[in-house]
Amino acid sequence: AQTVTQSQPEMSVQEAETVTLSCTYDTSESDYYLFWYKQPPSRQMILVIRQEAYKQQNATENRFSVNFQKAAKSFSLKISDSQLGDAAMYFCAYRSGTSGTYKYIFGTGTRLKVLA
Amino acid sequence: SAVISQKPSRDICQRGTSLTIQCQVDSQVTMMFWYRQQPGQSLTLIATANQGSEATYESGFVIDKFPISRPNLTFSTLTVSNMSPEDSSIYLCSVTGTGLYGYTFGSGTRLTVV
């Protein structure tokens, strides 16, 4: 069975600085998708960035980028130029690439605090 | 991506009662998903709701406790039955696109059972 591990329950970063959130996963599959979701106090889960396992190139969305190390099964999220609005819970998630599989496996989350 | 309207946003309920949570999607979707997020915890899938068939429940969740309806391709309800304080959680509905497209979530229902 697949597992997703986020080893940092909480992280802090100064405004305008860069922070990296860690995520490791375990799977025997070769085809899968990885996601980072943000959950602010409003509870709304927001998709931040996504990565296809077969793509070597790391995904980037504006200030958010990932470091995807397939062999190490690592999928870390880098937030550059941190803003107060980035404060939230961040969840890493795995989804199998098997056709017809829609279940996501979520990590336990990392609470990010942004300090003014 | 789809837009999901979830109601109620929060509720405080007496133990032993039931609460029905509604999710309305602005487009037709085949599958809808119900998640539970206990305080300070991650998301756990309760069940997958397919239109025209019974919901598929994950291990640890049963239909008697969490009955689900899916009358059409844009709407679903989750009922939390015979509630106890342990049911206090955030409940989220979601839909998914294919492949690289991730879940779209409703805004969640914060349930407190007293």
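Within every chain, numbering begins at 1; the chains are lettered A, B, ... in the order of the sequence lines, protein sequences first and strands thereafter.
The structure places CE of A/M45 at 10.0 Å from CD1 of B/I90, a figure rounded to the nearest 0.5 Å. Considering OH of A/Y104 and CG of B/L45, their distance stands at 11.5 Å, rounded to 0.5 Å. One finds the CD1 atom of A/I46 at 11.5 Å from the OG1 atom of B/T104 (value rounded to the nearest 0.5 Å). Distance check, rounded to the nearest 0.5 Å: OG of B/S42 to CE of A/M89 gives 7.5 Å. Within the model, atoms OH of A/Y37 and OG of B/S94 stand 8.0 Å from one another, a figure rounded to the nearest 0.5 Å.
More than 12 heavy atoms of other residues, nucleotides or ligands shown are found within 6.0 angstrom of CD on A/E10. Surrounding NZ of A/K78 are at most 12 heavy atoms belonging to other residues, nucleotides or ligands under 6.0 Å away.
Residue A/F75 is grouped with residue A/L21 when hydrophobic side chains (ILVMFWY) are merged at heavy-atom distances under 4.5 angstrom, including chains of intermediate members. In this structure, B/L111 is not a member of the same hydrophobic cluster as B/I4, with clusters built from ILVMFWY side-chain heavy atoms closer than 4.5 Å.
If you measure heavy-atom distances from A/Q39 to chain B, the contacts under 4.5 Å come from the side chain alone.
Using non-hydrogen atoms only and a strict 4.5 Å limit, the part of residues 50-83 of chain B facing chain A consists of B/E58. For residues 13-38 of chain B, the interface with chain A (any heavy-atom pair closer than 4.5 Å) comprises B/M31, B/F33, B/Y35, B/Q37, sorted by residue number. Contacts with chain B (heavy atom to heavy atom, under 4.5 Å) involve these residues of residues 107-116 of chain A, listed by number: A/G107, A/T108.
Residue B/L92 comes nearest to A/R43 through the heavy atom pair CD2-O, 4.0 Å, listed as atom of the first residue, atom of the second, then distance.
In the hydrophobic clustering (ILVMFWY side chains linked at under 4.5 Å, chained through shared members), B/V114 is joined by B/I12.
Under the 30°/60° scheme for interplanar angles, the aromatic rings of B/Y103 and A/F106 are found to lie parallel.
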